[in-house]
Q: 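Quick one: this structure, given as structure tokens, is what I'll be asking you about.
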Amino acid sequence: MSPTTSETAQGGRRLVIVESPAKAKTIKGYLGPGYVVEASVGHIRDLPNGAAEVPDKYTGEVRRLGVDVEHDFQPVYVVNSDKKSQVKKLKELLADSDELFLATDEDREGEAIAWHLQEVLKPKVPVRRMVFHEITKDAIRAAVANPRELNQRLVDAQETRRILDRLYGYEVSPVLWKKVMRGLSAGRVQSVATRLVVERERERIAFRSAEYWDLTGTFATGRAGDVSDPGTFGARLTAVDGLRVAQGRDFTSLGQLKDGVNVLQLDEAGARSLATALANTAFTVRSVESKPYRRSPYAPFRTTTLQQEASRKLGFGAKATMQVAQKLYENGYITYMRTDSTVLSDTAVTAARAQVTQLYGADYLPDKPRTYAGKVKNAQEAHEAIRPSGDRFRTPAETGLTGDQFRLYELIWKRTVASQMKDAIGNSVTVKIAGQASDGRDAEFSASGKTITFHGFMKAYVEGADDPNAELDDRERRLPQVTEGDRLSAEEITADGHATKPPARYTEASLVKELEEREIGRPSTYATILGTILDRGYVFKKGTALVPSFLSFAVVNLLEKHFGRLVDYDFTAKMEDDLDRIARGEAEAVPWLKRFYFGEGAQAGAAEAGNGDGDHLGGLKELVTDLGAIDAREISSFPVGDGIVLRVGRYGPYVERPTEIEGGTGRRADVPDDMPPDELTVEYAEELLAKPSGEFELGPDPETGRMIVAKDGRYGPYVTEVLPRTFPRAVRTPSSRAPRPSSSRCPWTR
DNA sequence: CAGTGAGCGAGCTTCCGCTTGACTT
């Protein structure tokens, strides 16, 4: 597809460069003859990946890092190998042009791409920077008519970000190669993402469950009942003699009642005897409380909310969501899918409102268009929200799409239309029921319901819930029409046991949400962050849950102890503030990088383990130079209990009974790589140690009855039979062990 | 009893963020 080469009446020919080929195609149609529109296809130049990409004139540290830290952090830039042909094409087009418009996105990265284009293309014709936030004919023409200059300070801020990430990644990763395992990686984003998953697992390991009981009653009004007035309904015991009955939220993560809560914690016997004592009780309605209910629609999609909802409603992983969305974008069905903005253009609002009227009627249309303020703190808002494209939205049926593309389009379309509809309105009702037990105690039950009188946006779209067991927030539940003093009979009263549950593991969608809230990562990287921590073996998937490996415990342990500042959850947010100051001209890049890399107030004396809150701020360079202080054995060892230690070795995790501990045998056993850390109990570790290591039992030989085992040898795996031993093994057998409490778990929470 | 050899040295691993194909498992 070669661009048009016709000339304008004025005889000028203008080259417009945008980032995305799909965008180039659309804009070409709006600008007409005289304009050649081509894409850079993202960044065209970057720091070299490795020494092989660095030009020969660079040596030593510059070659290793791609940054000359001794000379004001001068970066070495090379044209990306996969962009060489595109750069050549742009150069050829520029040779035939009289004017160059750099129309990359209006954000930090886009400004940098524009600058790199200027540096590489070396234009001899006038250069303009043009920006726009929506792709309509009017917006594009206005942008061409009102170009501006390149914002060099914004470019500086991007370069600073890039250099920081390079130094962090290329200086800290080698520490992990030396101290933990080859091929590992650390980075501003991935290391914090991993830390979040590890910390959640630590909470799960430290968690102790609490058991509590309550009662559920099924109550009948005595009327026949219909849809708007059910004859029976369920209610839960909430108080006994005025004392509230304990619920899950009254307990701490250690299974104890929280300080200061005055509640009745029922055990099984207590709950059952109360149920029996209430068997023949006559109940009355003690109170009915009705409150108005109102709910506003959700904001239109941005990248993270699309990934969350596609996960909840369609079961898509983050990567799949982005791939399907990319196709929809390329084929002109939706606007750009990598965005942190929830803003709809005027065109889109008009289209959505027209569709609301047409599909649901004017009653569902608010008087004024709804606007959604940006909730994302470091949002750069270079794009619109994700929405159906065009000035008239196609209904899903009209698109002719099928399969995953249809389902994702439908989701986006519904969410966009719903975002311009009226609030849902209704009532929420709480009914309290009282009865006297045969032993004189007063029991109070409670039921709550919700009726929706006007569905508003819910006609089009209701958000999914992360927890499939949780009652959908927006679902209706009708209670009978009862008033205070009404008599009720209990059809059934049952005692129910409950146990508090540990915090749930992250899923792809919930981790991305967490990262966005902490301002870590960007729309174009959320899906790839997950890929990175999975590829490195820091995290693996069990169903949809993200489970950290033992390896990640060792890595996070090392980073927290020796690079605390770098894996602080606020590190990126603070960096963003500083970059904004650089972009505003209130701070300078080189001193900022010097402080980060070489430290500040550097005197003779050690850095404070990366926790630079004192007068002396340890620079990164200092932290990675003296590695003697990092005890590889210590950071990768975790006590399991009973003298057993889990270690993360070069070849993976294993358990050991170290000889320096009394009763230690020095015996080791591999731990499966996909073992969830919160499932490693002392009992399981003992079991592993009891088995000969590295062996896999295939079954007994039918002739001799001897066990045939597969072993890993020097020349690869081999099979052999187990010969009877003439001396006893120096290992205690499981039967010789004393029984242990089944609740014992490893206490390695640090 | 094969199934644990030791030591040396060279080369390699790695970041985040912006975009799509080209290319094999």
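The chains referred to below are lettered A, B, ... by the order of the sequence lines, with proteins before strands, and numbering in each begins at 1.
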Q: A/L579 CG to B/dC16 C1': how many Å, rounded?
A: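 Answer to the nearest Å: 12 Å.
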Q: Kindly state which residues belonging to residues 69-79 of chain A come within less than 4.0 angstrom of DNA chain B, counting heavy atoms of the residue only, listed by number.
A: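 Heavy-atom contacts with DNA chain B come from no residue of residues 69-79 of chain A; none.
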Q: Treat primed atoms plus P, OP1 and OP2 as sugar-phosphate and everything else as base, then score nucleotides 18-25 of chain B 5' to 3': B for base contact with protein heavy atoms under 4.0 Å, S for sugar-phosphate contact only, - for none.
A: BBS-----
Q: Roughly, in whole Å, what's the span from CD in A/Q190 to P in B/dG17?
A: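 So the CD-P distance, A/Q190 to B/dG17, works out to 11 Å.
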Q: Round to a whole Å and report the spacing from CG of A/D535 to P of B/dT13.
A: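 My rounded result for the distance is 15 Å.
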Q: Go through the side-chain N and O atoms of A/Y336 and A/R338 and say whether any donor and acceptor fall under 3.5 Å apart.
A: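 The answer is yes; a qualifying pair exists.
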Q: Taking side chain as C-beta onward, heavy atoms only, is A/V175 less than 4.5 Å from A/L558?
A: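 Yes; the side chains approach each other to less than 4.5 Å.
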Q: Using ring pair (Phe, Tyr, Trp, His ring centres under 6.0 Å) as the criterion, list what pairs up with A/F540, not counting sequence neighbours.
A: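 Scan of A/F540 (ring pair (Phe, Tyr, Trp, His ring centres under 6.0 Å), adjacent residues dropped) gives none.
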Q: For a quick check of understanding: with a heavy-atom distance under 4.0 Å over all strands, which category does A/R45 fall into, base, sugar-phosphate or nothing?
A: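 Counting heavy atoms under 4.0 Å across all strands, no contact is made by A/R45.
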Q: Can you list everything that forms a side-chain contact (heavy atoms from CB on, under 4.5 Å) with A/V343? Sequence neighbours excluded, please.
A: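 A/V343 satisfies side-chain contact (heavy atoms from CB on, under 4.5 Å) with A/S341, A/E381 only.
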Q: Just by distance, with hydrogens left out, do A/Q86 and A/S40 show a side-chain donor and acceptor under 3.5 Å apart?
A: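 No, A/S40 and A/Q86 have no side-chain donor paired with an acceptor closer than 3.5 Å.
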Q: If you round to the nearest 0.5 Å, how far is OH of A/Y569 from CG of A/L515?
A: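 Atom-to-atom, A/L515:CG and A/Y569:OH are 10.0 Å apart.
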Q: Which of these, A/K541, A/Q307, A/K513, A/K319, sits in a side chain to side chain donor-acceptor pair (under 3.5 Å) with A/E508?
A: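 Answer to the side chain to side chain donor-acceptor pair (under 3.5 Å) test with A/E508 among A/K541, A/Q307, A/K513, A/K319: A/K541.
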Q: Please report, to 0.1 Å, the donor-acceptor pairs under 3.5 Å made by any side chain of residues 114-123 of chain A, with sequence neighbours excluded.
A:
residue	atom	partner	partner atom	Å
A/H116	ND1	A/R45	NE	3.0
A/H116	ND1	A/R45	NH2	3.2

Q: Between A/R536 and B/dC15, does any side-chain N or O lie under 4.0 Å from OP1 or OP2?
A: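 Indeed, a polar side-chain atom of A/R536 lies that close.
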Q: Mind running a 4.0 Å heavy-atom check of residues 164-189 of chain A against DNA chain B and sending the residues that fall below it, in number order?
A: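 Residues of residues 164-189 of chain A that come under 4.0 Å of DNA chain B are, in numerical order, A/D165, A/R166, A/G169, A/Y170, A/S173, A/P174, A/W177, A/R182, A/G183, A/L184, A/S185, A/A186, A/G187, A/R188, A/V189.
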